[in-house]
Student: 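Provided herewith is a single structure, encoded as structure tokens, for subsequent inquiry.
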Amino acid sequence: MSDIRVRFSPAPTGMMHIGNARTALFNWLYARHTGGTFILRIEDTDVVRSTTEAVEQIQVVLRWLGLDWDEGPVLQSTRFDRYLEAAARLREQGDAYECFCTEDEIKARNEAARAAGAVPGYDGRCRDLTAAERSAFVAEGRAASIRFRTPDDGRSEFVDVVRGEVSVAWSTVSDFVIVRSNGTPVFFLANAVDDLEMAISHVLRGEDLIDSTHRVLALRHALGANDQPAYAHLPLIMGPGGGKLSKRHGAVSVEEYRDAGYLPAAVVNYLALLGWAPADDREVLSLDELIAAFELERVHHAAATFDAQKLEWLNGEHIRRLPLSDLTAAVLPFARERYGARLDVRVFEAAVALAQERATTLAQIADQAEFLFTPDAELVVADDSWEKVTRIERAAEILDCALAHLETCEWTVEGIDLRSAVDALGVKARKALPVVYAAIEGRTAGLPLFDSIFLLGRDSVLDRLRRARERLAGV
RNA sequence: GCCCCCAUCGUCUAGUGGCCCAGGACGCCGCCCUUUCAAGGCGGUAACGGGGAUUCGAACUCCCCUGGGGGCACCA
């Protein structure tokens, strides 16, 4: 095992977002590619927003995606004493100080600054309070937060693995809170302490955190570290209309894709291609192939727009590559949910085999098998499909012809083949068969017709054809 | 407003000074196949944001502009 140690450290404050999953994936791929260690750390320092459900969901999603972790989950909420001890040390060193300004006061000041066209940010008024001033605030009933004192001048710089040199003037970074007035530590502090203690060697995270890196690094060094992890800031994932991918763009949680019938391998494959590409032209890659090909050096700089259509295409590709038994197992839950006790697993497996070469989602496969598990009397041809049927010339004759053939033919897919029968009628199969199709399956799109007829069985087929025939006659 | 990051087809990308009047994939369009619809096969459409500079030579280097994105919380 190499010395490479990476961590995925989400805040458990909501659902697992596509962007989070991508960050987790890149960390995991990097660890697996290099033989390093992948750590799951839950950054739940904000006790108000964090939920245990979210902590659970993060793990459920990670497992579903196939991203296993070697250490953790480490909950920061169980390690507050370490962070607070670090904060105390920083205060003793003079790197941090008590601030008695309230959240509301600061918010008001920032708004005023903004309105006046000035730069918002903490103005440093509690930086050099005397003991007397401090006790006066305490006497007033004010609780203190602890702020880190950022340098007044100079620049903060670090070399980003994907972006190269990144720097900012310290004069533009104001003192920031590391311990809230309620006594709980803040992200920056916990992050710096844990990365140090856990000997994290590489930090891969979204580009939205690039500015916070300077602060975490300053804390880390104030805490006595003389080294620092390599940072790699990943390009953000944007929504189709622009801006960070969010709910307004449609499905953004991994679970939504899972529930819509996407394969984890396809989601992972697609996410890997967002901001990264292998050295060759391959696009459809398995998890193992991704691990082998993944290189941090090939990560893109610019933000990428999420394209649901390409994901869907990729999902179809992965569906086609799955062994039939695996695919059936994957679709079964979708079918059970839809057809319950009516589901005949043997028949269903045959339907999955037919659907495998044409479907793009698991849900679609389950849907296409619907006609097999619907009682004949309950099968209704949807209005739009029926309308198409009524517009086909000689539809009644076609149904009669199909009935005549299917009443007596050998019950094999070859025997069922209606083409010559319809041909004898003088109607092209392409034109005629949609009538039969709608009568049997209730819609005009789905599984191949003759196989569908074979699977349904003669009695049901004849029954459905007769019903359609009667409806056509207006009975 | 201030700070930071970024910039190749509609989208994801290949490309690190000549192999590029730019390659692949999704989408879209057309054709073929065909047992509906798909899937598949074949073909087509389509990009180096603009301006300078360096160079014998720039998609690739530098500068400016423009454009896009992110940050400026007692969220992470």
Side-chain angles (χ1 to χ4, degrees), chain A residues 9-11 13 43-46 48-50 99 101-103 106-107 110 113-122 143 145-147 160 163 166-169 171-174 176-182 184 186-188 190-191 205-212 214 233 235-236 238 240 242-244 270 273-284 300-307 309-314 316 320 355-360 364 368 385 388 413 416-419 422 429-438 440-441 443-453:
Chain A
S9 46
T13 54
E43 306 219 324
D44 56 347
T45 51
D46 185 339
V48 177
R49 297 187 195 196
S50 299
C99 170
C101 301
T102 66
E103 200 176 346
I106 288 166
K107 208 172 279 177
N110 279 340
R114 249 182 252 269
V119 183
Y122 186 64
S145 62
I146 297 176
R147 266 177 204 279
D160 189 281
R163 271 153 232 286
V166 179
S167 77
V168 67
S171 60
T172 64
V173 183
S174 57
F176 56 94
V177 171
I178 55 176
V179 178
R180 299 180 183 87
S181 53
N182 68 7
T184 60
V186 171
F187 157 75
F188 299 103
N191 199 271
R205 27 137 65 157
E207 198 200 326
D208 52 337
L209 292 169
I210 199 163
D211 288 313
S212 75
H214 298 99
H233 286 94
L236 260 20
M238 320 267 288
K244 268 204 286 189
Y270 180 67
L273 259 22
L274 236 33
W276 172 84
D280 50 47
D281 273 343
R282 287 178 300 164
E283 299 240 51
V284 185
H300 231 242
H301 296 187
T305 303
F306 188 83
D307 179 4
Q309 281 185 309
K310 185 149 186 178
L311 203 209
E312 187 169 337
W313 166 76
L314 216 35
R320 247 141 260 141
Q356 180 166 27
E357 64 186 49
R358 50 214 297 121
T360 56
Q364 187 189 25
Q368 289 184 332
S385 295
K388 281 182 199 162
V413 174
I416 287 166
D417 194 330
L418 287 162
R419 281 174 292 183
V422 165
R430 282 179 58 86
K431 278 285 187 187
L433 294 178
V435 182
V436 181
Y437 198 94
I440 306 282
E441 305 206 22
R443 53 178 96 172
T444 52
L447 268 19
L449 181 59
F450 305 150
D451 298 274
S452 298
I453 289 174

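All chains are named by letter (A, B, ...) in the order of the sequence lines, taking the proteins before the strands, and each is independently numbered beginning at 1. Scope of the values below: all heavy atoms of this structure, side chains included, with no hydrogens, waters or symmetry mates.
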Student: Which nucleotide in the set B:C74, B:G71, B:G23 lies at the smallest distance from any side-chain heavy atom of A:V177?
Tutor: B:C74
Student: Would you please indicate yes or no on a ring centroid separation below 6.0 angstrom for A:F176 and A:Y122?
Tutor: no
Student: Starting from C1' on B:C12, measure out to CZ on A:R282 and report it in whole angstrom.
Tutor: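 Whole-Å distance recorded here is 17 Å.
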Student: Output yes when at least one side-chain N/O atom of A:R443 is less than 4.0 Å from OP1 or OP2 of B:C37, else no.
Tutor: no
Student: Closest approach to the side chain of A:A304, judged atom by atom: which nucleotide of B:C12, B:G70, B:U36 is it?
Tutor: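 Looking only at side-chain atoms, A:A304 lies closest to B:C12.
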Student: Any strand is fair game: report the nucleotide pairing with B:A39 by Watson-Crick or G-U wobble, both distances under 3.5 Å, or none.
Tutor: none
Student: By nearest heavy atom, map A:R180 and A:W276 onto RNA chain B; which one lands nearer the 5' end?
Tutor: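 Comparing both residues, the 5'-ward one is A:W276.
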Student: Both A:G446 and A:T172 contact RNA chain B. Taking the nearest nucleotide for each, which residue is further toward the 5' end?
Tutor: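 Looking at the nearest nucleotide for each, A:T172 comes out on the 5' side.
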Student: Checking A:V166 against A:I210 for the side chain to side chain contact (heavy atoms under 4.5 Å, CB included) test, could you report, in this order, the C-alpha distance in whole Å, the side-chain angles of both residues, the deciding distance, and whether it holds?
Tutor: CA-CA 9 Å; A:V166 179; A:I210 199 163; 4.2 Å; yes
Student: Scan every strand shown for a Watson-Crick or G-U wobble partner of B:C33, both distances under 3.5 Å, and answer none if you come up empty.
Tutor: none
Student: Work out how far the C1' atom of B:C6 is from that of B:U13, and round it to whole angstrom.
Tutor: 16 Å
Student: What string of B, S and - do you get for nucleotides 58-66 of chain B 5' to 3' if you count protein non-hydrogen atoms under 4.0 Å?
Tutor: ---------
Student: Are any protein N/O atoms closer than 3.5 Å to N/O atoms in nucleotides 38-45 of chain B? If there are, list each pair with its distance.
Tutor:
{"from": "B:A38", "atom 1": "O2'", "to": "A:R358", "atom 2": "O", "distance (Å)": "3.2"}
{"from": "B:A38", "atom 1": "N1", "to": "A:R358", "atom 2": "NH1", "distance (Å)": "3.4"}
{"from": "B:A38", "atom 1": "N3", "to": "A:R358", "atom 2": "NH1", "distance (Å)": "3.3"}
{"from": "B:A39", "atom 1": "O2'", "to": "A:E357", "atom 2": "O", "distance (Å)": "2.5"}
{"from": "B:G40", "atom 1": "OP1", "to": "A:E317", "atom 2": "OE2", "distance (Å)": "3.2"}

Student: Between A:A355 and A:Q368, which heavy-atom pair has the shortest distance, and what is it?
Tutor: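 Heavy atoms only, the tightest pair is CB-OE1, 3.7 Å.
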Student: Nearest-Å distance, CG (A:D46) to P (B:C74)?
Tutor: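 One finds 12 Å between P of B:C74 and CG of A:D46, rounded.
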Student: Answer yes or no: is there an ion pair linking A:E207 with A:R163, defined by an N-O contact shorter than 4.0 Å?
Tutor: yes
Student: Name the nucleic acid region contacted by A:G275, choosing base, sugar-phosphate or nothing; use a 4.0 angstrom heavy-atom cut-off, strictly under.
Tutor: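 Touches sugar-phosphate only.
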Student: Looking at B:C37, does its base get a donor-acceptor pair with the side chain of A:T444 below 3.5 Å?
Tutor: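 Looking at the base of B:C37, it does not pair with any donor or acceptor on the side chain of A:T444 (distance under 3.5 Å).
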Student: With rounding to the closest Å, how many angstrom separate the P atoms on B:A76 and B:A14?
Tutor: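 Approximately 34 Å lies between the P atom of B:A76 and that of B:A14.
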Student: Where is the tightest heavy-atom contact between A:S145 and A:S181, given as atom of each residue plus distance?
Tutor: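 Between these two residues, the closest heavy atoms are CB-N, 3.8 Å.
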Student: In whole angstroms, how far is the C1' atom of B:A73 from the CG atom of A:D211?
Tutor: 14 Å
Student: Looking at A:V436, A:V413, A:I416, A:L447, which one forms a side-chain contact (heavy atoms from CB on, under 4.5 Å) with A:S452?
Tutor: A:L447
Student: Is any side-chain heavy atom of A:L418 closer than 4.5 Å to one of A:I453?
Tutor: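 They are in contact (side-chain heavy atoms under 4.5 Å apart), so the answer is yes.
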Student: Counting the atoms with a prime plus P, OP1 and OP2 as sugar-phosphate, which does A:E43 contact under 4.0 Å by heavy atoms, base, sugar-phosphate, or nothing?
Tutor: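 Touches sugar-phosphate only.
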Student: Tell me the interatomic distance from A:L311, atom CG, to B:A25, atom P, rounded to whole angstroms.
Tutor: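 In whole Å, B:A25 P and A:L311 CG are 19 Å from each other.
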Student: Quick one: label A:C101 by what it contacts on the DNA or RNA (base, sugar-phosphate, nothing), any heavy atom closer than 4.0 Å.
Tutor: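 Answer is base: heavy atoms of A:C101 come under 4.0 Å of a base.
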Student: Quantified in whole Å, what is the P atom distance between nucleotide B:G67 and nucleotide B:G50?
Tutor: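 Rounded to whole Å, the distance is 15 Å.
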Student: Would you mind classifying the nucleic acid contact of A:A11 as base, sugar-phosphate or nothing, using non-hydrogen atoms under 4.0 angstrom?
Tutor: sugar-phosphate
Student: Work out how far the C1' atom of B:C64 is from that of B:U54, and round it to whole angstrom.
Tutor: 15 Å
Student: Expressed in whole Å, how much space separates the C1' atoms belonging to B:C9 and B:G15?
Tutor: 14 Å
Student: What's the closest nucleotide to the A:V168 side chain, out of B:C4, B:G24, B:C74?
Tutor: B:C4
Student: Please report the closest heavy-atom contact between A:G275 and A:P235, naming both atoms and the distance.
Tutor: CA-CG, 4.1 Å
Student: So what does A:I178 touch, heavy atoms closer than 4.0 Å: a base, only the sugar-phosphate, or nothing?
Tutor: nothing
Student: Could you check whether any side-chain N or O of A:D44 sits under 3.5 Å from a backbone N or O of A:S50, counting only pairs where one atom can act as donor and the other as acceptor?
Tutor: no
Student: Name the pairing partner of B:C2, where a pair is Watson-Crick or G-U wobble with both distances under 3.5 Å, or state none.
Tutor: B:G71
Student: What's the NZ-P distance between A:K310 and B:C9, to the nearest Å?
Tutor: 14 Å
Student: Could you tell me the separation between the CD atom of A:Q309 and the P atom of B:U13, rounded to a whole number of Å?
Tutor: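 To the nearest whole Å, that distance equals 16 Å.
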Student: Taking atom types as they are modelled, is there a donor-acceptor pair under 3.5 Å from the base of B:A73 to the side chain of A:K107?
Tutor: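 There is none.
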Student: Could you tell me which non-hydrogen atom of A:L314 sits nearest to which non-hydrogen atom of A:E283, and how far apart they are?
Tutor: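 What the structure gives for the nearest pair is CD1-O, 4.1 Å.
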Student: Give a yes/no on whether any side-chain N or O of A:N110 is located under 4.0 angstrom from OP1 or OP2 of B:A73.
Tutor: yes
Student: Considering only atom C1', compute the distance from B:A46 to B:G41 and round it to an integer number of Å.
Tutor: 22 Å
Student: Of all the heavy-atom pairs spanning A:G121 and A:S174, show the shortest one and how long it is.
Tutor: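 Smallest interatomic distance, heavy atoms only, reads CA-OG, 3.7 Å.
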Student: Specify the separation, in whole Å, of atom CG of A:D417 and atom P of B:U36.
Tutor: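 It works out to 11 Å between those atoms.
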Student: Roughly how far apart, to the nearest Å, are B:U11 and B:C28 at atom C1'?
Tutor: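 To the nearest whole Å, 12 Å.
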Student: Taking atom P in both B:G18 and B:A58, compute the distance separating them and give it to the nearest angstrom.
Tutor: 12 Å
Student: Searching all strands shown, indicate the nucleotide that pairs with B:C20 (Watson-Crick or G-U wobble; both distances under 3.5 Å).
Tutor: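 Across all strands, not a single nucleotide pairs with B:C20.
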Student: Under 4.0 Å, counting only non-hydrogen atoms across every strand here, what does A:S181 touch: a base, just sugar-phosphate, or nothing?
Tutor: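 Counting heavy atoms under 4.0 Å across all strands, the contact made by A:S181 includes a base.
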Student: Tabulate protein N/O versus nucleotide N/O from nucleotides 5-7 of chain B, keeping only pairs under 3.5 Å, one per line.
Tutor:
{"from": "B:C5", "atom 1": "O2'", "to": "A:R163", "atom 2": "NH1", "distance (Å)": "2.9"}
{"from": "B:C5", "atom 1": "O2'", "to": "A:E207", "atom 2": "OE2", "distance (Å)": "2.8"}

Student: Provide, to the nearest angstrom, the distance between the CG atom belonging to A:L236 and the P atom belonging to B:C12.
Tutor: 13 Å
Student: Classify A:F176 by what it touches in the nucleic acid, base, sugar-phosphate, or nothing, heavy-atom distance under 4.0 Å.
Tutor: nothing
Student: NA contact type, A:T45, heavy-atom cut-off 4.0 Å: base, sugar-phosphate, or nothing?
Tutor: sugar-phosphate
Student: So which atom in A:S212 and which in A:R205 form the shortest heavy-atom distance, rounded to 0.1 Å?
Tutor: OG-NH2, 3.7 Å
Student: Quick one: the side chain of A:D208 and the base of B:G71, do they pair up donor-acceptor inside 3.5 Å?
Tutor: no
Student: May I ask you to decide if A:T360's main-chain N or O and A:Q364's side chain share a donor-acceptor pair within less than 3.5 Å?
Tutor: yes
Student: State the pairing partner of B:A25; accept Watson-Crick or G-U wobble contacts with both distances under 3.5 Å, and report none otherwise.
Tutor: B:U11
Student: Going through the distances and angles, do A:D211 and A:V173 end up as a side chain to side chain contact (heavy atoms under 4.5 Å, CB included)?
Tutor: CA-CA 9 Å; A:D211 288 313; A:V173 183; over 6 Å; no
Student: Paired with B:U61: which nucleotide, if any, by Watson-Crick or G-U wobble criteria at under 3.5 Å for both distances?
Tutor: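 By the stated definition (distances under 3.5 Å), B:A53 pairs with B:U61.
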Student: Less than 4.0 angstrom between a side-chain N/O of A:R49 and OP1 or OP2 of B:C74, yes or no?
Tutor: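 Checking A:R49 against B:C74: no side-chain N or O falls below 4.0 Å of OP1 or OP2.
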